[in-house]
Asks: 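The structure is given below, and queries will be raised subsequently.
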Amino acid sequence: MGVADTAGPRNIFVVGLDDFHLRQLCALPRANGYAFHPLFTRAELKCGERFPVRELLNDAPRKLHAFHGQVDAVVGYWDFPVSTTLPLLRRDFHLPGPTLEAVLKCEHKYWSRLEQKRVIPGYLPSFCAVDPFAPDPLRGVTLSFPFWMKPVKSVLSHLGFLVEDVHDFNRAIAATRRGIRRFGDPFNEIMTHAHIPAEVATIDGNHCIAETLISSGRQCTLEGYAWRGDVRIYGLIDSLREGVAGSSFCRYAYPSTLPEPVQVRMTDMARRVIQQVGYDDAPFNIEFFWEEDTNRIWLLEINCRISKSHAPLFHMVDGCYHHQVMIDLGLGQEPSMPYRQGAFACAAKFMLRHHQDARVARVPTPSEIATIEAEIPGVLIEIDIGQGTQLSELRFQDSYTYEVAVVFVGAANHEELQRKYECVLARLPLVLVPIETAPRGDPGRMS
């Protein structure tokens with residue numbers, strides 16, 4: 001029976017619902033058959049002093065049980081704490097989705113590497129766990145400099161550091177000790193609900209993983225899903241980076257321009273790893289690097305959700321936000337996504353970054369943004385910073401840059417993408433004051 005044939009709309013609870021993505025959900029082709037309900041908002045989950053994992057696990061089930069109607073799906077498009085709590089929220093209602101253990105095998109970076117090593121050992125960096133609170137953390141590192149160090153659970157390269165020598169390591173450890181518990185403590189609460197093997201039991205959320213460097217090639221993300229044991233990939237997106245450590249994303253571009261044989265190899269690796277961890281009936285994305293000179297492929301990490309950053313790109317190129325995949329799977333249905341039915345041949349998400357601390361002196365008004373979007377077809381602008389904000393106070397930024405704006409662009413080719421983006425920058429009234437002169441310095445326009 002199709003969605004439109006049911007007695008009423010399907011009740012879909014979205015963990016962390018926000019207005020920006022609600023508009024995308026309501027634009028889905030079958031949205032008239034859905035009723036979307038917030039199960040906590042983005043602000044409640046992401047904007048407080050701590051992640052309210054305990055409240056989410058206690059209050060959300062009560063809200064679901066108190067609902068006067070059938071709970072047809074519980075879904076989410078955010079990373080922590082949403083992706084890791086969904087298996088627990090679905091459990092009482094026998095809704096489809098992966099087990100908590102399968103999710104943790106993807107999102108606990110050390111546990112995930114152990115599982116990946118069992119099926120694709122030749123495509124991983126060397127790695128080891130690091131206890132940042134040990135008396136001498138460097139003694140536990142089995143790798144030579146340089147290496148990359150990050151928490152076993154984080155987002156957006158938060159507390160990720162390029163470590164080239166002992167001085168870098170000590171600085172990274174100091175920063176990690178100050179900030180890791182924000183993710184680590186609530187992540188540990190979730191881990192208490194899972195069966196953890198002995199090889200992972202001592203590596204909790206307040207540990208890090210160190211890895212040899214694999215970031216010299218071209219980065220690509222595969223968006224896919226598992227459906228009744230079958231792993232399918234429906235889109236590949238190139239990820240371009242910038243910054244002193246080469247770790248700050250500056251653009252996502254769809255479709256990928258990687259050679260077809262490379263895409264096929266990445267797809268095969270993704271299938272083997274997802275089946276290895278037992279992840280099923282849910283969306284995912286996997287990040288890879290490809291070294292063009294050696295033709296080597298490296299697996300970076302797995303995320304147990306659709307990438308919300310990629311949703312407008314799929315809409316522009318394929319004609320549908322890939323929230324549709326998330327909704328279909330949440331309802332226990334085989335996903336259905338159109339292919340190349342959008343208004344543009346290619347699309348990109350540009351992340352406008354600033355490399356030094358500054359204060360926001362002016363942000364565009366909604367009407368100014370609307371005017372730019374109306375006059376440049378295929379442009380969507382997102383600005384989450386407010387006037388008076390100091391960039392160093394922003395949360396969940398990577399360790400080297402600050403993201404100050406996002407511009408989605410659709411175009412006929414990559415050259416037109418760049419031209420449209422540069423046109424937006426020239427017209428965008430976003431003004432930052434260098435922190436040394438704020439608030440009295442002469443503001444300069446972002447470039």
Side-chain angles (χ1 to χ4, degrees), residues 1-6 9-37 72-78 96-97 220-227 230-239 252-256 263 267 270 281-286 303-350 373 377-382 406-413 417:
M1 179 180 291
V3 170
D5 298 325
T6 59
R10 309 295 292 276
N11 293 305
I12 299 169
F13 287 81
V14 184
V15 185
L17 186 63
D18 64 312
D19 291 340
F20 182 79
H21 293 94
L22 178 59
R23 289 193 293 269
Q24 297 178 3
L25 289 167
C26 291
L28 296 177
R30 300 191 293 278
N32 63 339
Y34 307 144
F36 296 109
H37 308 277
D72 294 299
V74 178
V75 300
Y77 40 75
W78 293 102
C220 183
T221 301
L222 280 62
E223 290 280 357
Y225 60 88
W227 165 251
D230 186 17
V231 179
R232 304 171 186 176
I233 304 299
Y234 58 86
L236 290 87
I237 299 91
D238 291 333
S239 303
Y252 301 141
Y254 178 64
S256 172
Q263 297 187 28
T267 298
D281 297 326
F284 63 85
N285 62 78
I286 302 187
N303 300 299
C304 298
R305 53 179 171 77
I306 63 167
S307 169
K308 62 187 185 304
S309 293
H310 298 158
L313 310 185
F314 282 104
H315 182 259
M316 290 174 173
V317 176
D318 291 332
C320 182
Y321 298 106
H322 68 155
H323 294 76
Q324 188 65 61
V325 173
M326 175 188 75
I327 296 298
D328 286 340
L329 290 164
L331 292 171
Q333 300 170 173
E334 184 174 2
S336 174
M337 269 287 289
Y339 181 76
R340 305 298 188 263
Q341 296 180 28
F344 302 97
C346 60
K349 174 185 178 181
F350 293 88
E373 292 176 342
V379 164
L380 177 64
I381 301 169
E382 244 193 307
V406 166
V407 181
F408 294 96
V409 181
N413 52 57
L417 282 176

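What you see below is based on every heavy atom in this structure, not just the backbone, and it leaves out hydrogens, waters and symmetry mates.
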Asks: Within this structure, what is the SG-CG distance for the pair C346 and L417, rounded to the nearest 0.5 Å?
Replies: 4.0 Å
Asks: Checking E223 side chain against S307 main chain: does a donor-acceptor pair fall under 3.5 Å?
Replies: yes
Asks: Evaluate the ring planes of H322 and H310, with Trp represented by its six-membered ring, and classify them as parallel (under 30°), tilted (30 to 60°) or perpendicular (over 60°).
Replies: tilted
Asks: List the atom of G76, the atom of M326, and the distance in Å for their closest heavy-atom pair.
Replies: O-SD, 3.4 Å
Asks: Just so I know, are the side chains of L313 and F344 near enough to count as touching, which here means a heavy-atom distance under 4.5 Å?
Replies: no
Asks: Between F36 and V75, is there a side-chain heavy-atom distance shorter than 4.5 Å?
Replies: no
Asks: If only atom types and distance count, is the side chain of W227 paired as donor or acceptor with the main-chain N or O of E334 below 3.5 Å?
Replies: no
Asks: Are side-chain heavy atoms of I12 and H37 found at a separation under 4.5 Å?
Replies: no
Asks: Using a 4.5 Å cut-off on heavy atoms from C-beta on, say whether the side chain of F350 contacts that of V409.
Replies: yes
Asks: Is any side-chain heavy atom of S336 closer than 4.5 Å to a side-chain heavy atom of Q324?
Replies: no
Asks: Any donor-acceptor pair under 3.5 Å linking the side chain of D72 with the backbone of N11?
Replies: yes
Asks: Evaluate W78 against R305 for side-chain contact (heavy atoms from CB on, under 4.5 Å), listing each step before the verdict.
Replies: CA-CA 7 Å; W78 293 102; R305 53 179 171 77; 5.8 Å; no
Asks: Please confirm whether the backbone N or O of Q341 pairs with a side-chain atom of D318, one donor and one acceptor, at under 3.5 Å?
Replies: no
Asks: Nearest 0.5 angstrom please: C320 SG to L28 CG, how far?
Replies: 5.5 Å
Asks: For a side-chain contact (heavy atoms from CB on, under 4.5 Å) check, start with the C-alpha distance between I286 and T221, then their side-chain angles and the critical distance, and finish with the verdict.
Replies: CA-CA 5 Å; I286 302 187; T221 301; over 6 Å; no
Asks: Shortest non-hydrogen contact from E382 to F408?
Replies: OE1-CE1, 3.6 Å
Asks: Are the side chain of E373 and the backbone N or O of I381 linked by a donor-acceptor pair below 3.5 Å?
Replies: yes
Asks: M316 and A347: which non-hydrogen atoms are nearest, and at how many Å?
Replies: SD-CB, 3.7 Å
Asks: Answer whether the closest heavy-atom distance between the side chains of F20 and L380 falls below 4.5 Å.
Replies: yes
Asks: For Y225 and N285, does a side-chain donor sit closer than 3.5 Å to a side-chain acceptor?
Replies: no
Asks: What's the shortest heavy-atom distance between L331 and A73, and which atoms?
Replies: CD2-CB, 3.8 Å
Asks: Which label fits Y254 and F314: parallel for a plane angle under 30°, tilted from 30 to 60°, or perpendicular past 60°?
Replies: tilted
Asks: Could you state the interatomic distance from NZ (K349) to OG (S309), rounded to the nearest 0.5 Å?
Replies: 2.5 Å
Asks: Within a strict 4.5 Å, meaning less than it, do heavy atoms of the V317 and Y339 side chains meet?
Replies: no
Asks: What are the two closest heavy atoms between D238 and C220, and how far apart are they?
Replies: OD1-SG, 4.0 Å
Asks: Step by step, would you call Q24 with H315 a side-chain contact (heavy atoms from CB on, under 4.5 Å)?
Replies: CA-CA 9 Å; Q24 297 178 3; H315 182 259; over 6 Å; no
Asks: Closest approach of A31 and C26, non-hydrogen atoms and distance?
Replies: CB-O, 3.4 Å
Asks: Working note: Y34 + L25, criterion side-chain contact (heavy atoms from CB on, under 4.5 Å); need CA distance, chi angles, decisive distance, verdict.
Replies: CA-CA 9 Å; Y34 307 144; L25 289 167; over 6 Å; no
Asks: Any side-chain heavy-atom pair from F284 and N303 closer than 4.5 angstrom?
Replies: no
Asks: Going from CG on L222 to CZ on R232, what distance comes out if it is rounded to the nearest 0.5 angstrom?
Replies: 15.5 Å
Asks: Give a yes or no on whether a salt bridge exists between D328 and R30, defined as a side-chain N under 4.0 angstrom from a carboxylate O.
Replies: yes
